[in-house]
Asker: 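Let me give you the structure first, and then I'll get to my questions.
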Amino acid sequence: MLTLTCPYCGISAEETELQAGGEAHLKRFGPGSSDTEFEAYMFARKNPKGVHFERWRHAYGCGKWFLTARDTATLQVFGTYSAQTPQPTPEIIAAIQAARPDWHPDGDAVNLQSSKG
Amino acid sequence: MTETGPFRLPQGGRLIDRAYQLPFRFDGRQLRGVQGDTLASALLASGQLMMGRSFKYHRPRGPVASGAEEPNALLGLGQGGRFEPNQRATTTPLVGGMVTTSQNAWPSLNVDIGAVNNWLYRFFPAGFYYKTFIHPRPAWKHLFEPIIRRSAGLGKAPTQADPDKYEQAYGFADLVVVGGGIAGLQAAAEAARKGGTVLVLEQTPNWGGRTPTDHADGQARIDALVAELSALSNVTLRRNTMATGLYDHGYLLAREALADHDPNAGIPRQRLWRIRAGHVLIATGALERPLSFAGNDVPGVILASAVRDFINDYAVAPGRRIVVVTNNDDAYRTALTALDAGLTVPAVIDARTVANGPLVEAVRARGVRVLIGSAIAGIKGGRGVEGVKVCAHNGSGEVTEVIEADCVAMSGGWSPVVHLWSHCGGKLNWSDSAAMFSPDPNRPPTGADGKAMASVEGAASGDLAVAGLTGAADEAAILPVWVMPVHATRKMKFKMWLDFQNDVKVSDVELAAQEGYQSVEHTKRYTTLGMATDQGKVSNINGLAVLSKALSQPIPATGTTTFRPPYTPLTLGTIAAEARGEIFQPLRKTPMHDWHQMRGAFFEPVGLWRRAYCYPAQGESHAEAVAREIRAVRGGVGMLDASTLGKIIVKGPDAGKFLDMMYTNLMSSLPVGKCRYGLMCSENGFLMDDGVVVRLSDDSFLVHTTTGGADRIHGHFEDWLQCEWWDWKVYTANVTEQWAQIAVAGPKARTLLERLGGMDLSADALPFMGCAEGELAGIPARVYRISFSGELSFEIAVPANRGRELWDKLYELGSDLGVTPYGTEAMHIMRAEKGFIMIGDETDGTVIPQDLGLGWAISKKKPDYLGKRAQERSFMTSPDRWQLVGLESVDGVMIPDGAYAVAEGANANGQRNTQGRVTSTYISPTLNKPIAMGLVHRGPSRMGEILEFTNPGGEPVKARICDPVFFDKEGTRANG
Amino acid sequence: MAEALAKISQVQGLGMIQIRANLLRSGEVIARAVDLVLPAPMLTTRQGERMLGWMSPDELILIAPQPQIAGLLAALEEALEGHHALVVDVSDMRVVFDIQGARADQALAKLCPADAANLPEAGLRRTRAAQAACGFWRHGQGFRLMGFRSVADYLRGILEGAAAPGTHLDPR
């Protein structure tokens with residue numbers, strides 16, 4: 001049972017009060033985008049063993065969507081933060097690197113680049 | 001004082017009160033135990049050693065343990081709806097009047113026909129099921145399966161509903177200590193002194209674990225600790241509460257027994273605690289292992305610690321002449337306990353070549369023979385121990401003497417209870433010298449913060465002497481013994497049980513290794529070792545060691561199987577808790593629900609809502625009722641409870657812009673006071689919801705969703721507003737339940753509404769697709785001129801608390817007009833007659849609006865809307881899609897729902913090709929003929945073509961492709 | 001006969017207004033309009049029977065006796081003229097139950113994954129009660145719980161079950 005702290009109301013909510021929303025920080029590709037771009041946006045999802053950014057909604061609570069950085073294998077939560085954040089914040093990246101010194105956000109950036117190509 | 005059984009000792013019994021006698025029944029026999037007994041101790045005291053038969057071979061079995069790890073003594077408890085199979089006699093407190101039955105025995109425990117399996121053991125080797133499933137096929141079907149079906153199954157399932165109540169509760173504690181033995185209590189006291197809330201859980205009714213039984217001053221020390229903890233306000237002590245599983249982020253499940261097997265208590269039987277623990281301290285102790293010698297499953301062969309428990313705790317003698325067999329010093333305590341109780345100990349058989357620790361010497365001093373370097377070659381007796389055949393441990397089993405005995409107390413050493421530690425990822429270390437797996441403190445289960453969420457204390461940590469806590473004398477080293485004697489013959493191994501409950505023997509595991517199994521997880525499944533309801537608590541380590549030896553590799557290289565929750569089985573009742581009967585689900589009821597119920601409505605579930613499907617009159621079938629309701633609407637006036645429609649307010653300067661993104665239509669152009677039917681697609685292009693949008697004012701809209709869609713669509717709106725366009729100025733509110741909504745439809749609809757008095761509902765004041773606010777019958781109302789039936793129709797929304805009032809008024813004022821309440825089925829048929837689509841019928845998540853002839857509802861002007869990009873994909877624009885058409889039955893037969901239209905040829909899998917399917921099909925009472933809609937390959941361009949539809953169990957049905965609008969094609973009726 | 005953990009009763013006559021607005025910008029205006037103090041996150045402010053509760057960073061709930069609702073709605077509409085806000089009467093879509101008694105927190109502990117016993121005096125907790133959404137706050141000798149009207153029977157059923165006599169959570 002995951003427990004995540006909603007950054008909007010501060011409640012440490014258990015999983016049954018939350019709704020999962022899949023991968024975070026997706027960039028929308030609408031009309032005018034190439035098939036490759038749209039395919040990547042619509043279907044290509046990371047499934048890492050390790051650091052991952054996810055969307056969660058405090059559904060049985062304040063109703064707000066928020067973002068979570070956690071380790072999918074150990075379930076360590078590095079932090080939760082506002083959904084109005086196009087990229088992981090420097091604070092979150094620092095928190096992740098404090099626990100996972102080998103992890104680099106560049107890895108994600110590289111993936112994003114290639115998916116556009 | 002009355003006798004409570006021939007094996008009750010005259011003195012002692014720490015946990016019993018002889019003054020209170022409790023009668024109970026076992027297989028129809030009237031027996032008696034005393035207050036404090038478990039079922040096992042009461043049965044043993046009565047001389048009932050045999051408590052069941054084993055699963056596979058139907059061998060006679062008695063208890064082997066005294067606690068939660070018991071694999072054998074499983075009974076059926078209770079009667080009728082309270083009957084429960086597979087209850088462990090060793091953990092079931094005796095309740096007066098209890099009715100118990102033995103299991104897996106037919107016709108009786110003493111004469112069991114299935115025991116023939118016992119003589120056929122060579123034909124039931126490891127993997128028997130897998131092997132017979134394959135070859136020879138006919139043998140399985142005609143020979144094995146009927147036999148196995150009759151004799152298989154552990155216990156019987158109850159056939160009646162469980163009358164007991166169960167509940168759940170959420171708990172919170174900074175520290176949860178699991179285990180109320182000395183280690184747990186000490187740790188709890190230490191933690192409590194530092195502050196923070198501490199919750200201590202003990203699975204049994206008694207504090208102290210083994211300490212009071214095994215140590216002279218044990219009880220006093222436990223009492224002092226419990227007294228200290230009870231006085232602290234930050235400590236909660238819970239007995240009868242079994243921690244069953246530790247989950248992610250410190251979530252601990254525990255089952256509290258409140259009134260187990262006591263139906264008269266009037267309170268819930270069990271409670272499932274869902275505890276969020278800051279930290280979990282595991283002090284679950286250790287479990288004794290059996291020794292693998294031939295005949296180790298004969299009733300009367302009992303774990304040495306269990307023998308002590310029965311004597312000390314319940315004053316029950318498991319036998320009068322007890323032979324102890326061991327590979328460690330601890331078992332000598334059993335010899336001393338037995339001697340103190342006045343029982344005879346003819347010998348202690350010790351596999352070690354040196355035994356001279358203080359406990360050993362104490363036993364020798366009492367004149368007991370200690371046979372070192374010795375082992376058991378076999379047990380004399382079948383239904384009970386009659387004698388012990390002794391041999392050298394380092395040999396192949398040549399019997400040197402036979403010792404008369406009626407009980408064998410065996411000890412193969414101790415295994416820490418590491419289940420909770422392992423449930424959530426804690427790792428273990430193997431110690432060769434201690435012959436055990438114990439938690440590796442450097443690899444604990446971790447929590448949300450990445451740090452250890454559990455630690456382990458006492459015997460559970462591998463510290464068997466609980467050093468410094470119990471003050472136990474130093475004990476000599478254990479000699480790991482996995483097979484006894486070392487060079488046992490194959491024949492002997494056929495009688496050495498590893499898993500008592502699933503009848504898995506040393507020979508089975510060796511066979512599995514011989515057949516190439518190397519992984520312990522595979523071997524477990526192949527042999528079923530450890531897969532019974534006891535999850536191999538006493539068998540896993542022995543099985544693992546035998547497998548390792550057979551594979552000639554060290555134990556850690558073989559590894560352990562995965563420990564999974566629950567530690568002991570949970571009743572389904574605790575998992576369901578309050579969710580049964582009327583409150584199984586939060587059923588949603590409209591403000592007019594009671595009226596529908598009173599009128600005998602037949603309800604259908606729509607999501608969690610219950611909607612009236614139809615209102616059958618006396619003696620009327622549902623189909624007749626529906627037909628009557630439709631004729632009433634088309635010919636006069638009907639009323640429908642439409643309150644369940646989703647209603648979402650969307651407000652703000654950017655509301656129009658936002659709805660333009662959400663809908664395929666252009667909504668920002670909708671004039672104030674007007675309604676527009678809109679389609680909503682997912683970003684993947686597929687139709688997900690539809691409904692009427694109303695512009696209430698310049699900056700606010702009211703969005704109607706389907707009945708099931710309100711919460712989902714509101715969530716969908718909020719998702720895009722919060723996560724994508726957060727700078728857009730839009731607020732939404734789901735006000736579905738604020739309004740009761742009634743559709744009044746039919747040629748006489750306006751006549752009826754005008755009788756209510758209030759706002760002007762004339763065609764000029766409120767034209768088709770218009771919206772007006774005002775009062776009707778003195779009730780504030782919003783009226784929409786929208787029609788799903790094709791008739792002149794008004795939907796009237798009033799505050800929910802006044803919905804019933806309006807409904808009653810309409811019904812009363814319309815009686816001379818023949819006003820007829822109609823249900824969802826009439827609504828469905830009428831919309832199908834009009835060719836209107838229904839989300840969930842015509843759509844299934846793979847259908848785009850263009851497939852349904854709804855291209856008119858897709859704005860060509862808008863640069864973007866959700867689904868637009870997806871709908872530009874080549875497959876979506878292909879003319880080869882299946883598209884909506886009407887289907888007219890050629891022979892006047894109703895086309896089966898969901899039927900496929902067959903096409904020429906077959907696909908790559910040899911299946912018949914298809915070219916369409918039926919999405920809605922009804923008998924139209926208006927047209928008096930079957931009508932249907934369906935999606936057909938290039939359908940609209942094939943008008944008049946005849947297709948053949950599959951019809952399981954009958955002749956294919958022929959239907960002609962036609963216009964989906966069957967009734968009032970010009971749409972004049974709604975414009976009245 | 002053991003005592004019930006708490007007395008469950010449905011509260012009638014309460015009205016509710018849902019307010020969505022940027023609380024940093026419009027919060028004080030709202031509070032002034034209804035003559036209450038703007039509550040901090042997760043809290044309520046009260047005066048007599050009137051209560052303003054923090055529901056989310058951009059949402060408040062105003063609870064007051066039904067007769068006051070029309071006036072409060074009008075006052076809010078007027079005060080928020082020119083603000084981007086949504087004010088809507090939700091009186092009819094909610095039900096409110098009183099859970100009154102010494103062990104009211106235990107009844108909630110059986111249904112809600114929230115620590116009712118440690119709810120701050122002025123706290124408002126949105127969560128679920130078994131399978132239905134709810135919010136609760138302290139009131140009288142216990143709590144007040146709001147939920148949706150369509151599940152009123154369900155909420156009454158689970159609350160009465162949770163508070164049934166003899167089912168206390170004290171260690172036994």
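Computed from a predicted model, the values in this text were never measured in an experiment.
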Asker: With a 4.5 angstrom heavy-atom cut-off, is it the side chain or the backbone of B:D727 that approaches chain A, or both, or neither?
Answerer: neither
Asker: Minimum heavy-atom separation for B:P586 and B:L608, please, with both atom names.
Answerer: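 Distance-wise, the nearest heavy atoms are O-CB, 3.7 Å.
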Asker: Answer yes when B:R869 and A:D35 have at least one side-chain N-carboxylate O distance shorter than 4.0 Å, and no when they do not.
Answerer: yes
Asker: Checking A:M42 against chain B: side chain, backbone, both or neither under 4.5 Å from a heavy atom?
Answerer: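 The side chain, not the backbone.
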Asker: In terms of heavy-atom pairs under 4.5 Å, which option from A:Q19, A:E14, A:R57 contacts chain B the most?
Answerer: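 Most heavy-atom pairs within the cutoff with chain B belong to A:E14.
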Asker: Using non-hydrogen atoms only, which part of A:T5 is less than 4.5 Å away from chain B: side chain, backbone, both, or neither?
Answerer: neither
Asker: Just checking, is any N or O donor in the side chain of A:W56 or A:E54 under 3.5 Å from an acceptor N or O on the other one?
Answerer: yes
Asker: Checking the side chain of B:S878 only, and the main-chain atoms of B:D880 only, is there a donor and an acceptor separated by less than 3.5 Å?
Answerer: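 Answer holds: yes.
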Asker: Is B:P445 in contact with chain A via its backbone, its side chain, both, or neither, using a 4.5 Å heavy-atom distance?
Answerer: neither
Asker: What is the ring orientation for A:H25 with A:Y81, classed by angle as parallel under 30°, tilted 30 to 60°, or perpendicular over 60°?
Answerer: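 Because their plane-to-plane angle is under 30°, the rings of A:H25 and A:Y81 count as parallel.
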Asker: So for A:F43, is it side chain, backbone, both, or neither that comes closer than 4.5 Å to the heavy atoms of chain B?
Answerer: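 For A:F43, the side chain is the part near chain B, not the backbone.
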Asker: So which part of B:Q871 gets closer than 4.5 Å to some heavy atom of chain A, the side chain, the backbone, both or neither?
Answerer: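 For B:Q871, there is no contact with chain A at all, as no heavy atom is under 4.5 Å.
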Asker: What part of A:F66 gets within 4.5 angstrom of chain B, counting heavy atoms only: side chain, backbone, both, or neither?
Answerer: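 The answer is neither part of A:F66.
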Asker: Taking A:P86, A:S82, A:G63, A:P31 one by one, which has the highest count of heavy-atom pairs under 4.5 Å against chain B?
Answerer: A:P31
Asker: Scan the side chains in residues 446-456 of chain B for donor-acceptor partners under 3.5 Å anywhere in the protein, sequence neighbours excluded, and list what turns up.
Answerer:
unit_1	atom_1	unit_2	atom_2	d
B:D449	OD1	B:K451	N	2.9
B:S455	OG	B:H279	NE2	2.9

Asker: Using 30° and 60° as the class limits, which term best fits the ring planes of B:W728 and B:W725: parallel, tilted or perpendicular?
Answerer: parallel
